[in-house]
Amino acid sequence: MFADSHCHLDYKGLREQQPEMLARARARGVSAMLNIATRESEWDAVVGTAEREPDVWATVGIHPHEADQHPDIGTARLIERARHPRVVGIGESGLDYFYDHSDRDRQRASFRAHIAAARETGLPIVVHTRDAEEDTAEILREEMAKGAYPGVIHCFTASGAFADIALELGLYISISGIVTFKNAKDLKETAARLPIERLLIETDAPFLAPVPHRGKTGEPAFVADTAAFLATLRGEELAELAEATASNFHTLFAKTRA
C-alpha cells in the first residue's frame, strides 16, 4: 500500500472530481494521503476533506509564495489550528528564491515561525525549498540547535550535499514524480542512495505528473508510478519500497496512527 505524503486535493483541477480521484487512488493501492495547505483561506477546505475521508489527513501552513499576504500568521495561530485531530503536520513552508513571489526576509521569518510551531506541537514541518539551499540549510540548523523538531524536505530537487545535511538533522526526504523525468540525472543519483528508513514518496498533485502521465493533471493514484520507477532505480522490490515508505509516513506523521 502506498502513502502519498504530499498532495493538494482541494486545488483547482482536483477538487471538482474529488470522489472519482480518491477512488482511482484507492484502486491503485494508495492507503494514505496528506492534503497540504498553502494559504489560510484554504485551511477549512483542506481540513474538511480530511474530516470526510478516513485515509486523508491535513496540514496547516503558509507557502513561501504567500508569505507577504500573511504577515499575521505566526506560531501561535499555527499551533491553535494544529490542535484539530486531522491536522498532522505544519506547512508547507520554507524558501522559494526561484519565483520570489514574497520578500525573502518575510519568507525567512515565516519559515522560522512554522519551525517553532513544529517544535512546540511535535508535528513535522513540511519544507519547501527552491533555489535557496544555503539559507534553508542555515535556518534548519539554527532552529534545530534551539530544540529538535521533526520534518520532511518535500518534492526533493536539491543537491546531494543538501540531502546529506537534511539527513544529518534527522529529517526525511520525499521524492516526487520529477525523479522519472529524463533530465533529472542528479536527482536520480541522490534518490538511489537515500536510506530507505528516511524515504517518502509523493505526487504534489495536481502538479508534476510522473512518466507515463506527463502533461496530465497529477493525482494521488500516480504515486504508484513514481514508486515503481524508484524501486527499479534503487534495485528494490516494489512491495518493499511501498511498505517502507508507507511505514515511514506513519512514523513521521505519528498523529495519523491515532
Side-chain angles (χ1 to χ4, degrees), residues 1-38 42-59 63 86-89 91-92 126 128 152 154-157 172-182 184 187 191 199-234 236-250 252-253 255-257:
M1 304 295 278
F2 304 104
D4 184 355
S5 69
H6 194 112
C7 52
H8 302 276
L9 304 181
D10 290 278
Y11 265 34
K12 183 179 180 181
L14 294 187
R15 65 172 180 256
E16 298 85 354
Q17 53 162 331
Q18 226 181 61
E20 300 87 347
M21 171 196 61
L22 292 173
R24 289 192 293 270
R26 291 160 183 154
R28 293 202 68 188
V30 181
S31 60
M33 290 162 271
L34 186 55
N35 197 18
I36 303 291
T38 61
E42 67 189 22
W43 288 1
D44 287 344
V46 168
V47 174
T49 297
E51 288 175 328
R52 291 191 305 273
E53 307 294 341
D55 49 2
V56 176
W57 289 269
T59 68
H63 193 285
R86 301 299 292 177
V87 174
V88 301
E92 63 186 284
V126 178
H128 171 108
V152 56
H154 111 85
C155 191
F156 189 88
T157 56
Y172 287 69
I173 292 176
S174 183
I175 301 297
S176 74
I178 292 175
V179 76
T180 70
F181 298 177
K182 285 184 179 180
L187 176 58
L199 182 64
L200 297 179
I201 50 176
E202 67 172 87
T203 59
D204 203 12
F207 310 107
L208 304 176
V211 175
H213 306 287
R214 286 206 70 178
K216 298 180 181 178
T217 299
E219 57 181 86
F222 297 166
V223 78
D225 299 287
T226 298
F229 182 93
L230 198 53
T232 299
L233 176 71
R234 292 168 58 87
E236 295 163 348
E237 293 295 327
L238 177 57
E240 176 190 2
L241 184 133
E243 180 180 3
T245 53
S247 177
N248 293 343
F249 172 81
H250 291 294
L252 177 61
F253 296 99
K255 203 171 168 182
T256 62
R257 297 184 183 273

**Student:** What pairs of residues pass the salt bridge (charged side-chain N to carboxylate O under 4.0 Å, His left out) test when at least one of them lies in residues 4-13, not counting sequence neighbours?
**Tutor:**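 Listed once each, the pairs would be none.
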**Student:** Please list all pairs meeting salt bridge (charged side-chain N to carboxylate O under 4.0 Å, His left out) that have one or both residues in residues 220-230, counting only residues at least two apart or in different chains.
**Tutor:** Arg28-Asp225
**Student:** To the nearest 0.5 Å, what is the distance between CZ on Phe2 and OG1 on Thr226?
**Tutor:**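 Spacing of CZ (Phe2) from OG1 (Thr226) equals 10.0 Å.
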**Student:** Between His154 and Ser174, do the side chains contain a donor N or O and an acceptor N or O under 3.5 Å apart?
**Tutor:**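 No, because no side-chain N or O of Ser174 sits under 3.5 Å from a partner of the opposite role on His154.
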**Student:** Do you know the tightest heavy-atom contact between Thr217 and Gly13?
**Tutor:**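 Reported closest heavy-atom pair: CG2-O, 4.0 Å.
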**Student:** State which residues pass side-chain contact (heavy atoms from CB on, under 4.5 Å) with Glu243; sequence neighbours excluded, sorted by chain then number.
**Tutor:** none
**Student:** Where is the tightest heavy-atom contact between Leu9 and Pro220, given as atom of each residue plus distance?
**Tutor:** CD2-CG, 3.7 Å
**Student:** Evaluate Tyr172 against Ser5 for side-chain hydrogen bond (donor to acceptor under 3.5 Å, both in side chains), listing each step before the verdict.
**Tutor:** CA-CA 11 Å; Tyr172 287 69; Ser5 69; over 6 Å; no
**Student:** To the nearest 0.5 Å, what is the distance between CG on Leu200 and CZ on Phe253?
**Tutor:**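 One gets 6.5 Å once the value is rounded to the nearest 0.5 Å.
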**Student:** Looking at every non-hydrogen atom in both residues, tell me the closest pair between Leu199 and Asn248 and how far apart they are.
**Tutor:** O-ND2, 2.9 Å
**Student:** So which atom in Ile175 and which in Phe156 form the shortest heavy-atom distance, rounded to 0.1 Å?
**Tutor:**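 Ile175 and Phe156 have their closest heavy atoms at CD1-CB, 4.1 Å.
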**Student:** Could you pull out all residues at least two apart from Arg234 that satisfy salt bridge (Lys or Arg N to Asp or Glu O under 4.0 Å)?
**Tutor:**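 With neighbours one apart ignored, the set is Glu236.
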**Student:** Do other residues, nucleotides or ligands put more than 12 heavy atoms under 6.0 Å from the CD atom of Glu16?
**Tutor:** yes
**Student:** Out of curiosity, His8 NE2 to Arg15 CZ, how far, rounded to the nearest 0.5 Å?
**Tutor:**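 Going from NE2 on His8 over to CZ on Arg15, the span is 13.0 Å.
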**Student:** Test your reading of the model: is there a side-chain donor-acceptor pair from Thr203 to the backbone of Val223, 3.5 Å cut-off?
**Tutor:**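 No; judged by distance alone, with no hydrogens or angles, the pair does not exist.
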**Student:** Rounded to the nearest 0.5 Å, what's the gap from OG on Ser31 to CZ on Phe249? Could you check?
**Tutor:** 8.5 Å
**Student:** To the nearest 0.5 Å, what is the distance between OG on Ser176 and CZ on Phe207?
**Tutor:**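 Answer rounded to 0.5 Å: 12.0 Å.
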**Student:** Which of these passes side-chain contact (heavy atoms from CB on, under 4.5 Å) with Val56: Val47, Asn35, Val46, Leu34?
**Tutor:** Asn35
**Student:** Give me the atom names and distance for the closest heavy-atom approach of Arg86 to Ala50.
**Tutor:** NE-O, 3.0 Å
**Student:** Any donor and acceptor pair, going by atom type alone, linking the side chain of Lys255 with main-chain N or O of Val87 inside 3.5 Å?
**Tutor:**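 Between the backbone of Val87 and the side chain of Lys255 there is a qualifying donor-acceptor contact (under 3.5 Å).
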**Student:** Show the nearest heavy-atom pair for residues Leu233 and Ala191, with the distance to one decimal.
**Tutor:**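 It is CD2-CB, 4.1 Å.
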**Student:** Give me each pair satisfying salt bridge (charged side-chain N to carboxylate O under 4.0 Å, His left out) with a member in residues 200-214, each pair once, sequence neighbours excluded.
**Tutor:**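 Residue pairs with at least one partner in residues 200-214: there are none.
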**Student:** Residues in salt bridge (Lys or Arg N to Asp or Glu O under 4.0 Å) with Glu92, at least two apart?
**Tutor:**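 If we apply the salt bridge (Lys or Arg N to Asp or Glu O under 4.0 Å) test to Glu92, skipping adjacent residues, there are no hits.
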**Student:** Could you grab the distance from atom CD of Glu219 to atom CD of Gln18, nearest 0.5 Å is fine?
**Tutor:** 12.0 Å
